[in-house]
Trainee: 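One structure, pasted below without further comment.
Just so it is clear, the values below take in all heavy atoms, side chains as well, and ignore hydrogens, waters and symmetry mates. Every value quoted in this text rests on a predicted model; they were computed, and no experiment measured them. Remember, it's 1-based here, ligands and their atoms both numbered in the order they're listed.
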Amino acid sequence: MLILGLESSCDDTGAAVIRAHPGAPVGEILASVVRGQDALHAAYGGVVPEIAARAHAERLDGVTETALAKAGVGLGQLGAVAVASGPGLIGGVLAGVMFAKGLALARGLPFWGVNHLAGHALTPRLVAPVAFPYLVLLVSGGHCQFLIVEGPDQFVRLGGTIDDAPGEAFDKIAKLLGLGQPGGPRVEAEARAGDPARFDLPRPLLDREGCDLSFSGLKTAVRRARDRLAAERGGITRTERADLCAGFQAAVAETLAEKTRRACRAFRARHETPTPTLAVAGGVAANGAIREALAAVADAEGFAWFAPPPVLCTDNGAIVAWAAAEAMAVRGPDALSLAARPRWPLDMEAAPMLGSGRKGAKA
Ligand code: KG4
Ligand code: ZN
């Protein structure tokens, strides 16, 4: 079946056409087009939801047309239209959902609203025959959680961040060191020349049991170190900047590695899979030092390591189409009355942590 997947939940407008056999691993990506919005938000130092929503509304038709043309597929050949119907910035999610519904209605196509996080968590099976259950660490600009993926719609959350997501922390560090956005790749490049041991930075929450993470204190520690230097000498040198980046990146990698070790053990307590897979997903998974640290944990814990190619780790339409292909094994399509959801945790039973309030957990 050919599936069109649409993504608009944050600041990337994505459309992709994939070929999949619903319920069976490994899909074929015929075309995947992503238009980022870095330039639109650059002046504000972060994603402005209204600007993002408007850009998605303006660009969804263009990226869809390009993806179909690149795939050499006409609307008439599609078997389904899928869209990330949450969680995310609601204006953007709505733009995608309305566009997908319009297309489904006009062409009489089945409509699938899928969870954006499920797209990330199921990505390993889009590219490799990874069997359920497996363990995945989702690390992006907006998310950070350990999930046991037991089936297309069965996720157990073992833990996650109690404040910032790691990508968000990378972006803030880049901002406070004057490195520009997106911060992750810039901090990583800067860190290459730095000494990770020069500054004594904390390894947050290592003293607390379980798999929860925190990055806000680490960010503050970097800011304090920078401020101290600036107060003493009126600024920081290039070497000091590189050392701060290296120290920060090492602290993130070490903390993620230790919590991943614990998540591997929690997985073993639940499943007797002989060689389970540890996979990673999300934009931060592009970081070389973090990938290396996690691969070493997988090796030590007897897990097979799987990191999807970076283009599939960041937001795109192919993982949305794939989540729909997986969902087809366990349920039918959605009604056109489906609502866009700003909050949508994958594991409804896990204790809410991030951004939970009267309306419940965010993700
Ligand atoms: O998954 P993603 O494209 O978007 C969502 O947040 O959903 O992830 C983007 C995040 C940004 O915060 C970016 O700084 C971070 O991933 N990132 C990196 C690297 N490349 C991207 N963080 C650390 N090292 C990198 N090489
Ligand atoms: Zn994402």
Side-chain angles (χ1 to χ4, degrees), residues 5-14 16 32 34-38 41-42 45-47 49 52 56 83-89 92-93 96 114-123 126 136-145 147 160-161 164-177 179-192 194 215 218-219 222 245-246 248-253 255-256 279-294 307-320 322-323 342 344 346 354 362-363:
L6 301 163
E7 161 61 37
S8 59
S9 66
C10 188
D11 61 347
D12 288 307
T13 315
S32 179
V34 177
R35 265 192 87 182
Q37 302 179 357
D38 288 345
H41 305 286
V47 177
H56 287 305
V83 63
S85 56
L89 301 174
V93 178
V114 301
N115 187 307
H116 173 87
L117 299 173
H120 281 304
L122 293 163
T123 303
L126 166 59
V136 64
L137 167 59
L138 199 66
V139 269
S140 70
H143 306 289
C144 178
Q145 48 188 304
L147 294 162
T161 185
D164 291 355
E168 192 180 354
F170 267 96
D171 294 340
K172 287 178 182 166
I173 294 299
K175 197 173 167 192
L176 75 91
L177 295 177
L179 288 172
Q181 300 294 321
R186 297 187 190 210
V187 171
E188 183 176 17
E190 198 73 10
R192 272 188 207 114
F215 294 99
L218 175 58
K219 180 189 66 195
V222 174
C245 286
F248 166 77
Q249 181 174 274
V252 174
T255 314
L256 283 172
V280 73
V284 181
N287 185 284
I290 292 172
R291 270 170 115 103
E292 232 171 75
L294 298 177
V311 284
L312 291 179
C313 283
T314 50
D315 291 348
N316 65 86
I319 65 173
V320 173
W322 178 250
W344 188 0
L346 276 180
L354 194 65
K362 202 155 78 179

Trainee: Considering only non-hydrogen protein atoms, determine which one is nearest to atom 1 (O) of ligand 1 and report residue, atom name and distance to 0.1 Å.
Mentor: Gly283 N, 3.0 Å
Trainee: Checking the side chain of Asp171 only, and the main-chain atoms of Pro182 only, is there a donor and an acceptor separated by less than 3.5 Å?
Mentor: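 Judged by distance alone, no pair lies under 3.5 Å.
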Trainee: Ignoring angles and geometry beyond distance, decide whether Gly167 reaches within less than 3.5 Å of ligand 1 through its nitrogen or oxygen atoms.
Mentor: yes
Trainee: Which atoms of ligand 1 are found less than 4.0 Å from any heavy atom of Pro185?
Mentor: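 In order of numbering, the contacting atoms are 19 (C), 20 (N), 21 (C), 25 (C), 26 (N).
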Trainee: Taking Asn115 for the side chain and Trp344 for the main chain, is one N or O donor matched with an acceptor at less than 3.5 Å?
Mentor: yes
Trainee: Please report which non-hydrogen protein atom sits nearest to atom 18 (C) of ligand 1, along with the residue it belongs to and the distance in Å to one decimal place.
Mentor: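 Protein heavy atom at minimum distance: Gly184 CA, 3.4 Å.
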Trainee: State the atom name: nearest N, O or S atom of Asp315 to the Zn ion (ligand 2).
Mentor: OD1
Trainee: Indicate if the distance from the Zn ion (ligand 2) to the nearest N, O or S atom of His116 falls below 2.8 Å.
Mentor: yes
Trainee: From Leu138 CG over to Leu147 CG, what is the distance, rounded to the nearest 0.5 angstrom?
Mentor: 6.5 Å
Trainee: Specify the protein heavy atom at minimum distance from atom 7 (O) of ligand 1: its residue, its atom name, and the distance to 0.1 Å.
Mentor: Asp315 OD2, 3.2 Å
Trainee: So which of Ser85, Ser8, Ser9 actually passes side chain to side chain donor-acceptor pair (under 3.5 Å) with His116?
Mentor: Ser9
Trainee: Would you mind checking if Lys172 and Glu168 are paired as a salt bridge, meaning a charged N to carboxylate O distance below 4.0 Å?
Mentor: yes
Trainee: Could you check whether any side-chain N or O of Asp12 sits under 3.5 Å from a backbone N or O of Cys10, counting only pairs where one atom can act as donor and the other as acceptor?
Mentor: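 No, Asp12 side chain to Cys10 backbone: no donor-acceptor pair under 3.5 Å.
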Trainee: Quick check: does Asn287 get an N/O under 3.5 Å from an N/O on ligand 1?
Mentor: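 It does: an N or O of Asn287 is found under 3.5 Å from an N or O of ligand 1.
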Trainee: For ligand 1, is Cys10 a contact, meaning one of its heavy atoms is under 4.0 Å away?
Mentor: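 Flag not set, Cys10 not near ligand 1.
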Trainee: Ignoring hydrogens, what is the shortest heavy-atom contact between Leu177 and Cys245? Give both atom names and the distance.
Mentor: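 Between these two residues, the closest heavy atoms are CD1-SG, 3.7 Å.
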Trainee: Enumerate the atoms of ligand 1 whose separation from the nearest heavy atom of Thr314 is less than 4.0 angstrom.
Mentor: 1 (O), 3 (O)
Trainee: Quick check: closest heavy atoms across Val139 and Val280, and the distance to 0.1 Å?
Mentor: CG2-CG2, 4.0 Å
Trainee: With a cut-off of 2.8 Å, does His120 put an N/O/S atom close enough to the Zn ion (ligand 2)?
Mentor: yes
Trainee: Among all protein heavy atoms, pick the one closest to atom 10 (C) of ligand 1 and tell me residue, atom and distance.
Mentor: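 Ranking protein heavy atoms by distance from atom 10 (C) of ligand 1, first comes Gly141 N, 3.4 Å.
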Trainee: If you have a sec, work out which protein heavy atom is nearest atom 13 (C) of ligand 1 and how many Å separate them, to one decimal?
Mentor: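 So the nearest neighbour among protein heavy atoms is Asp171 OD1, 3.8 Å.
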Trainee: Above 12 or not: heavy atoms from other molecules or residues under 6.0 Å from CZ of Arg291?
Mentor: yes
Trainee: For Gly142, take its heavy atoms, then give the atoms of ligand 1 lying under 4.0 Å from any of them.
Mentor: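 Those qualifying, in numeric order: 6 (O).
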Trainee: Main chain of Val320, side chain of Glu7: is a donor-acceptor contact present, judged purely on distance under 3.5 Å?
Mentor: no
Trainee: Mark up the atoms of ligand 1 that fall under 4.0 Å of a heavy atom belonging to Ser140, in ascending order.
Mentor: 1 (O), 5 (C), 6 (O), 7 (O), 8 (O)
Trainee: Could you check atom 26 (N) of ligand 1 against the protein and tell me its nearest heavy-atom contact, residue, atom and distance included?
Mentor: Glu188 OE1, 2.8 Å
